[in-house]
Amino acid sequence: MSLIVIDSVTKDFVAERTVSDRLRRRAAPALRAVDDVSLEVPAGQTLAVVGESGSGKSTLARLLVGLETPTSGRITVDGVAMSGPLTPAQRRSVQIVSQNPWSALNRRRTIGQSLALPLHAHRLVAGRAEGRARVTELLDTVGLREEYADRRPADVSGGELQRVTIARALAVEPRVLVLDEPTASLDNRVKAVVVSLLADLRERLGLTYVLVTHELDVAHYVADRTAVMYRGRIVESGAAETVFPSPRHPYTRMLLDARPQPDPGVPSGPGLPDPTPARRPAAGPGGCAFRGRCPHAMAACDEAVPPLATVAPGHHSACLLPAGEDAALASRVPS
Amino acid sequence: MTSVTVPDRISGATPAWRSRLRSWARKTGRPAPLTAAGIALLVGFTVLALVVPLFAPDPRATTGLPLESPSAGHFMGTDHLGRDLLARTAAGARLSLAVGFFSVLLGLVLAVPLGMVAAYRAGSWLDDAVMRVLETVQALPVFVFAMFVIGLTGTGSSSVAGITLSMSTKVVLLLGISFLPYFARVARAQTLAEVHEDYVGALRVLGLPRRRVLGEVLVNVLPPVLAQGFLWIAIAIFAESALGFLALGVQPPTPTLGGILADSGNYVLVDAWWYSVLPGLVLVLAVTGFNLVGDALNDRIDRGGSQ
Amino acid sequence: MLAFLARRLAGLALVMWLVTTLVFFLLRFSPGSPLFQMQGFSTSQESRDKLAEHLGLDDPLPVQYAHYLGRLLHGDLGRSIYNNRTVTSLITGPLAVTLELALVTALVWVAIGILLGALAAARPGGFLDGLVRVGSVVVVSIPSFWLGVVCVIVFGVRIPGVLPSSGWVPFGEDPVEHLRCLVLPVFVLGLGAGGIVARTMRASLADALRSDHVAYARAAGLPERTILWRVAARGALLPTTTVAGLMMGMLVSGTVLVESVFRIPGMGRLTVGAFAGQDYPLATGCSLTIALVFLLCNLVADLVQFRLDPRLRASLTRRRAGTAVAA
Ligand SMILES: Nc1ncnc2c1ncn2[C@@H]1O[C@H](COP(=O)(O)OP(=O)(O)OP(=O)(O)O)[C@@H](O)[C@H]1O
Ligand SMILES: [Mg+2]
């Protein structure tokens, strides 16, 4: 059985009911951030969740570490439900690394203090000296020198700081790391360093990753499996080596086309038209959420939400487009 | 040779706190002229409040003729009963300083937890209830509160539930409670900004107990709140003297700055200018000092200093 | 806007009710004395009993409380224990005096503060800039009652006859003398507030002058004068008016000191006198009136801010935001 099992998870954010809502006996409008998502990640593998801004990736990440509770459905890690009460050992097993390292560390604490905090809270070290030694060891694991322990976040660069947040997550010896856009705030050169550090750590420590990102190149480099998210739903999932070269869902193709081209000579694709409106009602009219932007929308797309269908072994896509036509379209995509 | 080794040995023997202090001084640099002036005023006021009473004559004893103008014997002259004004002003300053400090402290001790709880439950009925109660306290001016308290308990010491409260304690309680809404709002706003930071979530995921997470938030909430509190010592000193002026504070014969100024008001017509001008100037300079230093502290924190 | 107003008014009513309750029970639990502590006034046991019955003091507490609230809702604050006049009729005159004093002070000093603050920001490092920077701190540190005493020394003793330093002449009696009476109290009461306004204006105008908005106007070749008064000042007025509105409430309670120095028959002196004479119906009426004025001033400040700040309007359409903190 897979280490991480996400079983039909839905998350609604309900706004506060105002007085006028109450007077009109109306429920407060809800926003469905994650919509009926099911995914599995076997131990030692990396799942990349990709999608544009607002598609619900961060919410999924927060659900995975138990910072949010699912409205319905269930998330288990090694058979333990993340939304329920957890023993300290279970609590430690899943950790999160978020996008903005400046916000993820307490700015008034030195890096050493931030790293020592979880060690002492879980009694993983006995005494100050051992704590200090373990902090040095953790810094070394992420490739930082001992001196960094005495600095404060304001005096450290973004890439180095992101390595510190990774070290802090590793302090409690987790099995799973949920990485929410770990490289989004870094420039390209630093990004490469952090990505290869992550890949290296996974091998050395036998970690399982859920990597949330909108950067397809990062996903491509690290992931074993990929899930593409659009407006809270998974529209395509499968092995990274099949999804990236031969995407099946029109949205995935759009994402791949919109990717910045490394070679300026090659013209880039049409890009993403019509950015997602920030708020939309949870109970909108049925049908495929993508149909408004889809170049291949058909009458059938208005009727029901297309289910995730198996298009190849281990490869699923939620699109009604016939397989043949789909393949013909796929051939157009420059790889 | 020796000139090199000797300083080395000295620096090796320097205790850690001294080198820390030195590096802190280097980092903070020289204060701006206005801040330096503020610090000087505060030092002067503190000396007046804490040191001068040790040398000055008894502030309640008649040591001269009524309304003597300033002289070598009485640096600030005497009041209408022939008491030394410097001694009375110094005693009043000491009371003001104590009341200012303790009322702000009391306000902070009550307000910070309240503000933090309200922020944690932002938008809930609890937050609403706390904010409404705070508005209620704010709506009644301090002097009205003071008159209720005096009307109910008198101007002397009174005992509530077996504890004897002197009038100065009552003034501290009164001021502390009336400052509470302002402090709680600052603490609430600060906490509200802080709980959205990612480190709060990260620490929860790391499995830290709730009280430890709150402690980590507190180290970020406290500095701006304390800086505000420092500024409010100025307001507290002002309020204490205003209550004294209205005869709603600590009562005669104990000297208070406000009481001295109220008495002096009766002698303006006989041209005893020093009686009201000199003690008043002490009050103005002290409040200016707290304002200048408080502003500097707030500026430093606004600029997002990590210290 | 209407929904916002309705919500704020509901909040105000709630807080007023809390204030009333607080005042009621503060009086009720005064140790060893019946309501409004009248025994000192009516000496015989018989008349005390009659008074207690008359005031409904023999009813159980919740009944008394309900009666009290019921009468209050009809605007009935009771009668003074001294002369049997209604509290409402005793309050109106002094309230008008205090409101006039506070309003004139606010208008005069907000205008002066905005002007000085803007001129200071227009030339950073100039003479006026330094004056506002230092002066605003010194000025807020001057206790109004002391400044009042100094004014009385100067105008009452040293140069008598220039300005009246004591008393009050109603407008109807002698308009010119009325205005002359206002000069010193307005100066003393508002000096510190003017310092705060000047300082806020200076700081927020300096911020506005550094904004992209102004850089754009400069690039477009607008004259510096237009930029200062038309472009930047508009952005800077928001924080300034907010501070000014909140100040108004403080001025009303601040008048008590100035009234006592200059012997002006306003709310502050009425309240102090009522408490001193243990005229608790009057004292309670005064307290509630002062609280109401304070809350209304805050409400107006919020409304002005709401009108001026589009961001606030957007965020408040769904969620309620905490009231701005001004210290
Ligand atoms: N606490 C919350 N309350 C209300 N709505 C929320 C909350 N958190 C997220 N949302 C909404 O849920 C939707 C999904 O947000 P989420 O942050 O998961 O997207 P994302 O894919 O991570 O986007 P980005 O790439 O910008 O980080 C958004 O519309 C967002 O506004
Ligand atoms: Mg996100």
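So you know, we letter chains A, B, ... as the sequences are listed, proteins then strands, and number each from 1.
- Taking CZ from B:R212 and NE2 from A:H120, the interatomic distance works out to 9.0 Å, rounded to the nearest 0.5 Å.
- The shortest distance between side-chain heavy atoms of B:L208 and A:H122 does not fall below 4.5 Å.
- Side-chain contact check for A:N106 and B:N220: at least one donor-acceptor pair (N or O, by modelled atom type) lies under 3.5 Å.
- The OG atom of A:S58 sits 9.0 Å away from atom CG of B:D198, with the distance rounded to the nearest 0.5 Å.
- For A:P88, no part lies under 4.5 angstrom from a heavy atom of chain B.
- Looking at A:I96, the atoms closer than 4.5 Å to chain B (heavy atoms on both sides) sit in the backbone and in the side chain alike.
- No donor-acceptor pair under 3.5 Å is formed between the side chain of B:E197 and the backbone N or O of A:A104.
- Of all the heavy atoms in A:R91 and B:L206, the pair that sits closest is CG-C, 4.4 Å.
- Classification of A:R109 and B:E216 as a salt-bridged pair holds, one side-chain N sitting under 4.0 Å from a carboxylate O.
- Using a 4.5 Å cut-off between heavy atoms, B:R204 contacts chain A through both its backbone and its side chain.
- Side-chain contact between B:P223 and A:R108 is present, with heavy atoms from C-beta onward closer than 4.5 Å.
- For A:E146, the CD atom counts as loosely surrounded, since its 6.0 Å shell holds 12 or fewer non-hydrogen atoms of other residues, nucleotides or ligands.
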Could you walk me through whether B:V205 and A:V94 pass side-chain contact (heavy atoms from CB on, under 4.5 Å), step by step? CA-CA 8 Å; B:V205 172; A:V94 186; 5.9 Å; no
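- Taking non-hydrogen atoms and a 4.5 Å limit, the residue list of residues 96-119 of chain B in contact with chain A is empty.
- Within a 6.0 Å radius of CZ in A:R175, other residues, nucleotides and ligands contribute 12 heavy atoms or fewer.
- Of the atoms belonging to A:V172, it is side-chain heavy atoms, and not backbone ones, that fall under 4.5 Å from chain B.
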